[in-house]
Protein chains: 2
Amino acid sequence: MGQDAAWGAAPAERADAARNRLHLLATARQMLAEQGADRLTMDALAERAGLGKGTVFRRFGTRAGIFRALLDDDEQVFQQQVLSGPPPLGPGAPPVDRLIAYGWARAVFLIERRDMARAALDGSQPVPTGPRTPMSHVHIRMLLGQLDLGGADLGMLVVQLAGALDGPVLLYLSSDELASTPEGVAARIGQAWQDLVERCF
Amino acid sequence: MGQDAAWGAAPAERADAARNRLHLLATARQMLAEQGADRLTMDALAERAGLGKGTVFRRFGTRAGIFRALLDDDEQVFQQQVLSGPPPLGPGAPPVDRLIAYGWARAVFLIERRDMARAALDGSQPVPTGPRTPMSHVHIRMLLGQLDLGGADLGMLVVQLAGALDGPVLLYLSSDELASTPEGVAARIGQAWQDLVERCF
DNA sequence: GCTACAATCGGGGTAAAGTCCGTTTACGGA
DNA sequence: TCCGTAAACGGACTTTACCCCGATTGTAGC
């Protein structure tokens, strides 16, 4: 077997493509920090990275795709802490405690990256919507799997709980609310999540 | 007091403006049904409605704004059924039963309008984000208010539960999943919601 | 009915997203 | 090391959302 994970896996990214992808992500992150999400245009990104616009679009498909890639990147680091950090977030604590800790951590994570996360939304679906299950879902499902839920629809429950965690930041809370007291909002989300979970499980 | 609801209310919409707004909404709804959300462009809408492009933008501010207006419109009808229909959805049943019934109804409502609802999303915030609280939140809050929740953060709990209901359709489920078995998905969301609520309250 | 004002209308203009295709380049095999 | 191929590159091109401002029109007050 080669490095490909499974049959039908991606046919191995070419070296220059990988280099450019990394370079574009780094440039995008820099521009995001300097100027904010709404000022980040594809043309500007391409120019600042010293690459063609076509390259940017082939890599990320969509403007939202760039922010999604950035977010995925951060989520991977986050997931490391979740999987290998100390309890109760990491392994070793009872599932319910881990679920609660996960909610607190995710709230902080998302609020810190609220601009990125919102810019990653994309009402259209044609190509950009990846069939990849978010890591967040995988983790919640894993924890719920260790609980006794009767005959509940685990798959849908996972998605609903993820919605309870992400919905406030992604959909409902205004940017003003999020910006004026980020830590306060994160704490409220975490606490409300804890109340909800303790009440349910 | 005049027709204005409160101090600082909108200075009364001019008659022609109102007529055009209604006409644009009707035209948009028609185009949405005929060609789908992604083929609905502002130019086409303006032309088909026999109005100028500028008019369309002044009315709705944004492309997403049109879909938001359409959705608001439908939600108002829906809310009527919720407020004055027969129990358990309407008044007369215990709060928990009404909450469960509301989840089922909302799932059906949202799935039937999934394209509209997704197109109404808009990652940007500057102008389009209205400070108006969605009717959905108002209603959930009303029902939760009748329950004993200890010292829980009612406001955030409402938003989280709304996220649990809307998140699947708006954020996570792929368009393919939604399109292939809409009724099935609605039923799963409704059932999972019921399980969650029964477990919590 | 008439007038002054303010809001609406209209459509041309700008900028940014996304597409296309001819050119260039990495990389596996001989 | 060289070659053939498939993938990546680049930037001109098209489409579309959104802005602007002079022309037009509804409405309150007389």
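As the structure is a prediction and not an experimental result, all values here were calculated from the model.
- Side-chain contact, B:W104 with B:Q194: a donor N or O sits under 3.5 Å from an acceptor N or O.
- Rounded to an integer number of Å, the gap from CG of A:L45 to C1' of C:dA16 is 13 Å.
- Within 4.0 Å (heavy atoms only), B:R59 reaches sugar-phosphate atoms of the nucleic acid but no base atom.
- Atom P of nucleotide D:dG10 and atom CZ of A:R48 are separated by 18 Å, given to the nearest angstrom.
- Across A:I66 and A:A28, no two heavy atoms sit closer than the pair CG2-CB, 4.0 Å.
- Listed here is the closest heavy atom pair of B:A18 and B:E13: CB-OE1, 3.5 Å.
- B:F60 and B:A69 make their closest contact through CE2-CB, 3.8 Å (heavy atoms, listed as atom of the first residue, atom of the second, distance).
- For the residue pair B:Q76/B:Q80, the side-chain donor-acceptor check at 3.5 Å is not satisfied.
- In this entry the distance linking CG of A:D38 with P of D:dC18 reads 13 Å, nearest Å.
- How far CG of B:L40 is from CG of B:L70: 8.5 Å, rounded to the nearest 0.5 Å.
- Side chain to side chain, B:R118 and B:S175 meet the donor-acceptor criterion of an N or O pair below 3.5 Å.
- Atom CZ of residue B:F67 and atom CZ of residue B:R29 lie 11.0 Å apart, to the nearest 0.5 angstrom.
- The phosphate of C:dT8 (OP1 or OP2) has no side-chain N or O of B:T55 nearer than 4.0 angstrom.
- Taking each heavy atom of B:R114 and B:A179 in turn, the nearest pair found is NH2-CA, 3.8 Å.
- If one axis is set at each end of the helix from C:dG1-D:dC30 to C:dA30-D:dT1 from five pairs, those axes are 30° apart, to 10°.
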Would you tabulate the nitrogen or oxygen pairs shorter than 3.5 Å linking the protein to nucleotides 17-20 of chain C?
{"residue": "C:dA17", "atom": "OP2", "partner": "A:M42", "partner atom": "N", "Å": "3.0"}
{"residue": "C:dG18", "atom": "OP2", "partner": "A:R63", "partner atom": "N", "Å": "3.0"}
{"residue": "C:dG18", "atom": "O6", "partner": "A:K53", "partner atom": "NZ", "Å": "2.4"}

Intermediate values then yes/no, side-chain contact (heavy atoms from CB on, under 4.5 Å), A:R98 and A:L89:
CA-CA 5 Å; A:R98 291 192 73 188; A:L89 186 58; over 6 Å; no
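- If you check residues 14-27 of chain A against DNA chain D, the residues with a heavy atom closer than 4.0 Å are A:R14, A:D16, A:A17, A:N20, listed by number.
- Looking at A:S136 and A:Y102, their side chains do bring a donor and an acceptor atom within 3.5 Å of each other.
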